[in-house]
Visitor: 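Pasting a structure below so you can have a look.
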Amino acid sequence: MASYIGNQLHVSVFGQSHGTAIGVTVDGLPAGEAVDLDALYTFLCRRKPGTSPLSTPRQESDFPSILSGIEQGKTCGAPLCAVIENKDQRSRDYGKTLHIPRPGHADYTAWCKWGGEADMRGGGHFSGRLTAPLCIAGGIALQLLERRGIYVGAHILQIATAKDTPFPLRPTAELLTSVGEKDFPVLDDGQGQAMQAAIVAAASEDDSVGGLVECAVIGLPAGLGEPMFGGMEGRLSTALFGIPAVKGVSFGAGFDVATMRGSENNDPFTIENDTVVTTTNHAGGILGGITTAMPLTLQLAFKPTPSIAKEQQTVDLSTMTPTTLSIVGRHDPCIVHRAVPVVEAVVALVVLDMLLEDNHGII
Ligand SMILES: Cc1cc2nc3c(=O)[nH]c(=O)nc-3n(C[C@H](O)[C@H](O)[C@H](O)COP(=O)(O)O)c2cc1C
Ligand SMILES: C=C(O[C@@H]1CC(C(=O)O)=C[C@@H](OP(=O)(O)O)[C@H]1O)C(=O)O
C-alpha cells in the first residue's frame, strides 16, 4: 500500500483534491496525551491555501473534524480519524484537459497506472492538498515530542537563487519555534524579500520556481535508529519523498561531502558537560543510521510547481497526437514556502514512530 506509513504509529492518508473530503487515520498514538486543538489549527493554518498572493487562491479553511481518538482533549487510545471537507473545488478548470497530461504533474503516470480511471482534478490523490491531513497527524506528533523536549523546526533555505542563512550548529528550541511563526519562514528577512520577489517575477511570466527547505530536530537521544535499511536517513527519506514535488533529500553536509576530504568532513568528538558531542555536524546528527544526539539536520529540494500558464508541449491521449497546453486555474507559483510545516509534520511522525519502537525511556 502506498498512502500509509509507520511501524508503530500507522498513518494513512485518504481523499482527493476535488472529492468530498480529505483525511487521515492515525493508529498507535499513546493514550492520555493532551492535544491542544487550537495550537493544532494554528499549525494547519501555516500550510493552508488562499492566504497570500504567493500561493494558490483556492479558499479552504482546512479546519479539521476529529471523528475519533480524542476525548476531552486527550488521546483515548482508539485510532484517531480526522477529516477536512473540501469546499472550494473548481473542477471546470480540469474539464477540457483530462486527456492532456500536464508536463511535470502525475497526470500521465496516473493514467498509465490506473487505465484512465484516476480522478486527477486538482491533482486528485497526488495533490499537494493531501499534505493538509499529513499536517493534522504531524501536528499532533509535534506536540507529543515537544512535551518531551524534542523540537522539530524548518525554514526556507533557498528559492530560485536567493539563499537564507543555514541553521547554526546548535539551533535552540526558541529559534526553531520562532522561525515557523513567521509569515514567510526565513532567518534572514532580507533574503526572504528576494525570494518573494523571485516568486512574483516567475508568476508574472506564467512560470514557477522551486527551492530548498532545511529542517532540524533537537533533543533526540543518542542511539535512535538502526543499521542499514532501518537507518534514520532511510526512514526519513521514505516518508519525505511522499510529499509531492520533493525531488531530493540530503542529511548534514549532504552532497557537499563529495568534494570534502575526510579531515574536513569528519566531525571531531569532544566532551561537554560529561556528554559526547561533536565540534562540527557534517553528519547531520546521524552515524550508521543512528542518532548521535547532535541536531539532526536535513535538506529537501522542491521542484518548481508543474502547473504553469506558460504554453508547454504535451500530448492528447485521446488522439495520441502532440499538442500544446497553457494551464488555466489556481496554482502555487512556488511550493517551498507552503511546504515548510509539511516537512516538520513528516519528520515529527517518523521520529515519533521510531521512539515508539525503541523508546529510550522517552515515551
Ligand atoms: C503544499 C503543496 C502545494 C502544491 N501545489 C501545487 C499546485 O498548485 N499546482 C501543481 O501543479 N502542483 C502543486 N504541487 C505539486 C504537485 O502536487 C506534484 O508535483 C505532483 O503531484 C507530482 O508529484 P511529484 O512532483 O512528486 O512527481 C504542490 C505540492 C505541495 C506539497
Ligand atoms: C488546494 C491546495 O493546493 C492545490 C494543489 C494542487 C496540486 O496539483 O498539487 C493543485 C491546485 O488545486 P486546484 O486546481 O483545485 O486549486 C492547488 O490549489 C492545497 O494545497 O490545499
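The chain is numbered in sequence order, starting from 1. The figures here come from the full heavy-atom set of this structure, side chains too, leaving out hydrogens, waters and symmetry mates. Atoms within each ligand, like the ligands themselves, are counted from 1 in listed order.
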Visitor: Does the N or O separation between Ser127 and ligand 1 drop below 3.5 Å for any pair?
Guide: no
Visitor: Is the number of heavy atoms from other residues, nucleotides or ligands under 6.0 Å of His99 NE2 greater than 12?
Guide: no
Visitor: Where's the contact between Arg129 and ligand 2, heavy-atom distance under 4.0 Å: side chain, backbone, both or neither?
Guide: both
Visitor: According to a 4.5 Å side-chain heavy-atom criterion applied to Ile, Leu, Val, Met, Phe, Trp and Tyr, with indirect links allowed, do Tyr94 and Leu325 form part of one hydrophobic cluster?
Guide: no
Visitor: Is Arg121 touching ligand 2 with its side chain, its backbone, both, or neither, if touching means heavy atoms under 4.0 Å apart?
Guide: neither
Visitor: Do other residues, nucleotides or ligands put more than 12 heavy atoms under 6.0 Å from the NZ atom of Lys163?
Guide: no
Visitor: Provide, to 0.1 Å, the distance between atom 22 (C) of ligand 1 and the closest protein heavy atom, together with that atom's residue and name.
Guide: Ala106 N, 3.9 Å
Visitor: Using a strict cut-off of less than 4.0 Å between a Lys/Arg side-chain nitrogen and an Asp/Glu carboxylate oxygen, indicate whether Asp93 and Arg121 qualify as a salt bridge.
Guide: no
Visitor: So which bit of Glu60 gets within less than 4.0 Å of ligand 2, heavy atoms only: side chain, backbone, both or neither?
Guide: neither
Visitor: So, 4.0 Å and heavy atoms of Pro306: is ligand 1 close enough to count as a contact?
Guide: yes
Visitor: For Asp183, is there an ion pair with Arg46 - N to carboxylate O distance below 4.0 angstrom?
Guide: no
Visitor: Given that the side chain starts at C-beta and the backbone is N, CA, C, O, which of these parts of Arg90 lies under 4.0 Å from ligand 2, counting heavy atoms, or is it both or neither?
Guide: neither
Visitor: Would you say Phe126 contacts ligand 2, with heavy atoms under 4.0 Å as the rule?
Guide: no
Visitor: State the atoms of ligand 2, each with its element, that fall below the 4.0 Å cut-off from a heavy-atom position in Arg338.
Guide: 3 (O), 19 (C), 20 (O), 21 (O)
Visitor: Which residue and non-hydrogen atom of the protein lie closest to atom 15 (C) of ligand 1, and at what distance in Å?
Guide: Ile335 CD1, 3.5 Å
Visitor: If only side-chain N and O atoms count, and only distance matters, is there a donor-acceptor pair under 3.5 Å linking Asn86 with Arg129?
Guide: yes
Visitor: If you have a sec, work out which protein heavy atom is nearest atom 14 (O) of ligand 2 and how many Å separate them, to one decimal?
Guide: Tyr94 OH, 2.4 Å
Visitor: Heavy atom to atom 31 (C) of ligand 1, shortest distance: which of Gly104, Pro244, Pro49, Cys135 holds it?
Guide: Pro244
Visitor: Would you check if there is a donor-acceptor pair between the side chains of Thr56 and Arg330 at a distance under 3.5 Å?
Guide: no
Visitor: To the nearest 0.1 Å, how far is atom 3 (C) of ligand 1 from its closest protein heavy atom, and which atom is that?
Guide: Asp332 OD2, 3.3 Å
Visitor: Could you check atom 8 (O) of ligand 2 against the protein and tell me its nearest heavy-atom contact, residue, atom and distance included?
Guide: His105 NE2, 2.7 Å
Visitor: Could you check Gln8 against Asp353 for side-chain hydrogen bond (donor to acceptor under 3.5 Å, both in side chains), going step by step and ending with a plain yes or no?
Guide: CA-CA 6 Å; Gln8 291 294 317; Asp353 187 37; over 6 Å; no
Visitor: Where is the nearest protein heavy atom to atom 15 (O) of ligand 2: which residue, which atom, and how far?
Guide: His18 NE2, 2.6 Å
Visitor: Return yes if a side-chain donor-acceptor contact under 3.5 Å exists between Asp267 and His282, otherwise no.
Guide: yes
Visitor: Can you classify the ring geometry of Tyr41 versus Phe63 as parallel (below 30°), tilted (30 to 60°) or perpendicular (above 60°)?
Guide: perpendicular
Visitor: Return the residue, atom name and 0.1 Å-rounded distance of the protein heavy atom closest to atom 9 (N) of ligand 1.
Guide: His331 ND1, 2.8 Å
Visitor: Heavy atom under 4.0 Å from ligand 1: found in Lys303's side chain, backbone, both, or neither?
Guide: side chain
Visitor: So, are Arg58 and Glu60 salt-bridged, with charged N and O less than 4.0 Å apart?
Guide: yes
Visitor: Testing the 3.5 Å rule here: is there a donor-acceptor pair between the side chains of Thr305 and Ser307?
Guide: no
Visitor: For Arg47, counting its heavy atoms only, list the atoms of ligand 2 lying under 4.0 Å from any of them.
Guide: 19 (C), 20 (O), 21 (O)
Visitor: Is the closest heavy-atom distance from Arg330 to ligand 2 below 4.0 Å?
Guide: yes
Visitor: Consider only side-chain N and O atoms of Asp316 and Ser318, and report whether a donor and an acceptor are under 3.5 Å apart.
Guide: yes
Visitor: Any N/O of Ser307 closer than 3.5 Å to an N/O of ligand 1?
Guide: yes
Visitor: Could you check whether Glu226 pairs with Arg235 (Lys NZ or Arg NE/NH1/NH2 to Asp/Glu carboxylate O, under 4.0 Å)?
Guide: no
Visitor: At a 4.0 Å cut-off, with the gap strictly under it, does some heavy atom of Pro49 reach an atom of ligand 2?
Guide: yes
Visitor: Please confirm whether Thr131 comes within less than 3.5 Å of ligand 1 when only nitrogen or oxygen atoms on both sides are compared.
Guide: no
Visitor: Can a non-hydrogen atom of Gln89 be found less than 4.0 Å from any atom of ligand 2?
Guide: no
Visitor: Give the residue and atom name of whichever protein heavy atom lies nearest to atom 5 (C) of ligand 2, and the separation in Å to one decimal.
Guide: Ser127 OG, 3.4 Å
Visitor: Of the listed options (Gly50, Gly128, Ala245), which comes nearest to atom 9 (O) of ligand 2 when hydrogens are ignored and any heavy atom counts?
Guide: Gly128
Visitor: With only distance considered, is Thr305 within less than 3.5 Å of ligand 1 through an N or O on each side?
Guide: no
Visitor: Are Trp114 and Phe126 close enough that their ring centres sit under 6.0 Å apart?
Guide: yes
Visitor: Under the criterion side-chain hydrogen bond (donor to acceptor under 3.5 Å, both in side chains), I'd like the reasoning laid out for Glu214 against His155: C-alpha separation, chi angles, the key distance, then a yes or no.
Guide: CA-CA 6 Å; Glu214 183 184 40; His155 70 118; 2.7 Å; yes
Visitor: Are any of the N/O atoms on Thr56, whether in the backbone or the side chain, positioned under 3.5 angstrom from an N/O atom of ligand 2?
Guide: yes
Visitor: For Gly124, is there any backbone N or O sitting under 3.5 Å from a side-chain donor or acceptor partner on Ser127?
Guide: no
Visitor: What do you reckon, does His331 have a nitrogen or oxygen under 3.5 Å from a nitrogen or oxygen of ligand 2?
Guide: no
Visitor: For atom 20 (C) of ligand 1, what is the closest protein heavy atom, and at what distance to 0.1 Å?
Guide: His105 CE1, 3.4 Å
Visitor: Judging by distance only, is a nitrogen or oxygen of Ala245 under 3.5 angstrom from one on ligand 1?
Guide: yes
Visitor: Does an N or O from Phe126, backbone or side chain, lie closer than 3.5 Å to an N or O of ligand 1?
Guide: yes
Visitor: Can you name the atoms of ligand 1, numbered from 1 with element, that are less than 4.0 Å from a heavy atom of Arg338?
Guide: 3 (C)
Visitor: I'd like to check Val340 versus Val343 (side-chain heavy atoms, cut-off strictly below 4.5 Å). Are they in contact?
Guide: no
